[in-house]
Amino acid sequence: MARLLVTGGKRLVGEVPINGAKNSVLALMVTAALGQGESVIDNVPYDRDVATMSTILKELGVRVAFEPPHRLRIDGSQLNRSTAPYEPVRQMRASFYVAGLLLARLGKAEVPLPGGCQLGSRPVDFHLRGFEALGAKVQIEHGFMKAEAPRLRGTSIFINRSSVGTTVNLMLAASLADGVTVLENAAKEPEIVDQAILLNQMGARVRGAGTDVIRIEGVPQLHPAEHTAIPDRIEAGTYMMAAAITGGRIVLEDVEWEHFRTPVVKLQEAGVRIERVGPTQVLVESPVNLSRDVRLRPVDVETAPYPGFPTDLQQPLVALLTLADGTSVVRETIFDRFRYVDELRRMGADVRVERDTAVVRGVRRLTGAPVEAMDLRAGAALVIAALAAEGQTRISGVELIDRGYEHIEAKLNALGADVVRVDDEGAPASATPPASLASAQSEPSMSTNTSLPAPNPSQA
Ligand code: EPZ
C-alpha cells in the first residue's frame with residue numbers, strides 16, 4: 001500500500017488544471033452503454049473509480065477503450081450479460097447504475113447490493129422502488145438484486161429524498177421505457193444535467209434536468225454520441241481549500257464557476273479572496289500566514305443537496321477550519337461522514353463530534369503525524385491539513401484518494417508543495433493511474449486489453 005509523505009508549510013502558488021468530474025463520468029459511462037454503437041466521452045479523469053466502472057461494463061459485454069489523455073470510447077451494442085460481477089460492484093456504489101442499464105436494455109438485471117461503507121449505511125431502496133414503479137419485479141436474493149421487466153412502462157415517481165444515484169438510475173431505465181416517466185423531487189446536481197445532455201444527444205427525450213421535476217419520454221433505441229464531461233467541482237473545491245490553508249494564491253483552470261457558488265461564498269466568508277478571472281479560470285488568494293498569526297475566520301456550514309454546500313467538501317472544509325481563528329460548527333445532513341476527525345486530532349486539531357455536527361475549535365498549529373485516509377474525501381482532508389502542518393505527515397490509504405483525484409501529488413508539487421509517494425518499503429513510487437494508463441496508449445482502439453488502473457476496495 002502506498003503512502004503520501006507531506007512536508008507542510010509550503011505556500012501553494014500557480015495554476016492547477018481541474019479534471020472532468022469523476023461522479024459525472026461514472027454516470028456518463030453507463031449512459032453511453034445504453035446506445036447501439038460507439039460513443040465518445042472526453043474529459044475523463046484517470047482515476048480508480050473510472051477503472052472500476054470500466055471493468056464492470058466489460059464484464060457485461062460492453063466494449064470500453066481508454067485513449068490517453070482523457071477520452072473513453074464505449075460501445076454497448078454487444079451488451080449481453082445481465083449479471084453484474086460481485087467484487088467490483090461491491091467496491092463502488094455507483095456501479096449500481098448498471099441495474100438501470102440492464103433493465104432498460106435486456107429487461108433483466110442481477111446486480112449485487114452495494115454494502116455499507118465508510119460513509120455509513122447507504123441503502124438503495126429508492127432505486128428499487130423506482131424500478132418497481134416502472135413495472136419491474138424486484139427481489140433480493142443471496143446479496144443480489146434480481147429485477148425483471150420484459151418492458152418497462154413510464155409512470156410518475158416521487159423520490160423520497162433528493163438522491164443523485166436514484167435519479168441517474170431511473171433516467172437510464174426510463175429512457176428506453178414505453179411512455180412518459182416523470183421524476184419528482186429529482187436531484188438537481190450538475191452531474192444529472194450532464195447525464196441528460198448525453199442522453200438527449202443519443203436520441204433520448206429528457207426535459208427538466210437541473211430542476212426537481214424531470215420528464216423522460218421513452219424511445220425504442222439510442223444511438224451513439226460524443227460528449228465532454230463537466231469539470232469536477234469537488235476537485236476544484238479541494239484545491240481551493242488547499243490554497244486557502246497554506247496562504248496560497250492559485251488559479252483553478254478549466255472550471256465552471258456556477259457549479260461551486262456555495263463553497264465560494266463560505267470560503268469568502270472565512271476571508272479567502274475568490275474571483276472569476278476568465279471564462280473557465282478562478283483565482284483563489286488566501287491571507288493566511290500562520291507565523292504571523294493571520295488566520296481565517298470561522299464559519300458555520302450545513303451540507304445539503306445541490307446547490308447547497310456539498311457533502312463531498314465537508315471533510316476538506318473541516319480540515320481548513322481546524323486552523324481558523326475561532327469556533328466553526330459544521331453539520332452533515334447527507335451521510336455519516338465524521339470518522340476521519342480522529343485522524344485530524346492526531347495532528348493536533350480540536351474537533352468534537354456530536355451526532356451529525358462537528359464543532360471545530362481553531363488551533364494555532366497542526367503537527368505532522370502518521371494518519372490514515374478512510375475514504376476518498378477524508379483522504380483529501382488529511383492532505384489539506386498536512387499541507388499546513390509543521391513537519392511531515394505520513395498518509396496511508398492513498399489508493400482511496402486515487403479513486404477521485406488524478407495525479408494529486410504531481411498537481412500539488414507543481415504548486416510548490418512537498419508531497420512524495422512511497423511504497424510499503426518507503427521507496428519512491430509513482431501513482432498507479434498514470435502508469436497503467438500509459439500502457440493502454442499503444443493498444444488499438446476498443447481492444448479488450450485496454451486497461452485502467454486496477455479496481456480498489458472500499459466504497460464511495
Ligand atoms: C452521490 O452518491 C455521489 N456519488 C457521492 O459522492 C455524493 O456524496 C452524494 O451523491 C451526495 O451528493 C456519485 O455520484 C458516484 P445519494 P449517491 O443517493 O448517489 C440516501 C464522493 O466522495 N438514500 O444522493 O450514493 C443516502 O443514504 C461520493 O465522490 C437512501 O436512503 O448519494 C443519502 O443520505 C461519495 N436510499 C441521501 O439519500 C436510496 O436508495 C443522498 O444520497 C438512495 C439514497
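Whatever order the structure lists ligands and atoms in, that order sets their numbers, starting from 1.
- Below 30°, between 30° and 60°, or above 60°: for F96 and F131 the angle between ring planes is between 30° and 60°, a tilted geometry.
- Atoms of ligand 1 lying under 4.0 Å from any heavy atom of H127, numbered from 1 in the order shown and given with element: 40 (O).
- Atom numbering of ligand 1 starts at 1 in the shown order; those under 4.0 Å from a heavy atom of G165 are 18 (O), 19 (O).
- For the residue pair R337/T311, the side-chain donor-acceptor check at 3.5 Å is satisfied.
- Near A94, meaning under 4.0 Å from one of its heavy atoms, ligand 1 places the atoms 15 (C).
- Between E191 and R233, at least one side-chain nitrogen of the basic residue sits less than 4.0 Å from a carboxylate oxygen of the acidic one, meeting the salt-bridge criterion.
- Here CZ of F309 is found 12.5 Å from CZ of F260. Values are rounded to the nearest 0.5 Å.
- In summary, the side chains of D194 and S24 do present a donor paired with an acceptor at a separation below 3.5 Å, with no hydrogens or angles considered.
- A distance-only check finds no donor-acceptor pair linking the side chain of E110 to the backbone of M145 [under 3.5 Å].
- Residue contacts with ligand 1 for F335 involve side-chain atoms from C-beta outward but no N, CA, C or O (heavy atoms, distance under 4.0 Å).
- At a heavy-atom distance under 4.0 Å, atoms from both the backbone and the side chain of P123 approach ligand 1.
- In this structure, E38 pairs ionically with R73, as a charged nitrogen and a carboxylate oxygen lie closer than 4.0 Å.
- Contact between K22 and ligand 1 is present, with at least one heavy atom of the residue lying under 4.0 Å from the ligand.
- Distances from atom 23 (N) of ligand 1 to the heavy atoms of F96, F126, Y97 show the closest one on F126.
- Within ligand 1, counting atoms from 1 as listed, the ones closer than 4.0 Å to a heavy atom of I334 are 33 (C), 34 (O), 41 (C).
- Atoms of ligand 1 lying under 4.0 Å from at least one heavy atom of S162, given by number and element, are 41 (C).
- The closest heavy-atom contact to atom 1 (C) of ligand 1, among the options I192, V164, L128, comes from V164.
- Using a 4.0 Å cut-off between heavy atoms, T311 contacts ligand 1 through its side chain alone, with no backbone atom that close.
- Atom 5 (C) of ligand 1 has its nearest heavy-atom neighbour, among T303, D312, L400, in D312.
- Inclusion of E189 in the set of residues having an N or O under 3.5 Å from an N or O of ligand 1 is not warranted.
- A donor atom on one side chain and an acceptor atom on the other are not found under 3.5 Å apart for Q314 and T303.
- The shortest heavy-atom contact between A349 and T322 is CB-CG2, 3.6 Å.
- Within ligand 1, counting atoms from 1 as listed, the ones closer than 4.0 Å to a heavy atom of R161 are 34 (O), 37 (C), 38 (O).
- With a 4.0 Å cut-off on non-hydrogen atoms, R93 touches ligand 1 through its side chain and not its backbone.
- Closest of all the heavy-atom pairs between A381 and L344 is O-CD2, 4.5 Å.
- Between the CZ atom in R105 and the CG atom in L103 there is a gap of 12.5 Å [rounded to 0.5 Å].
- Close to ligand 1: R337, with a non-hydrogen atom less than 4.0 angstrom away.
- In summary, the atoms of ligand 1 found under 4.0 Å from a heavy atom of V124, numbered by their order in the structure, are 39 (C), 40 (O).
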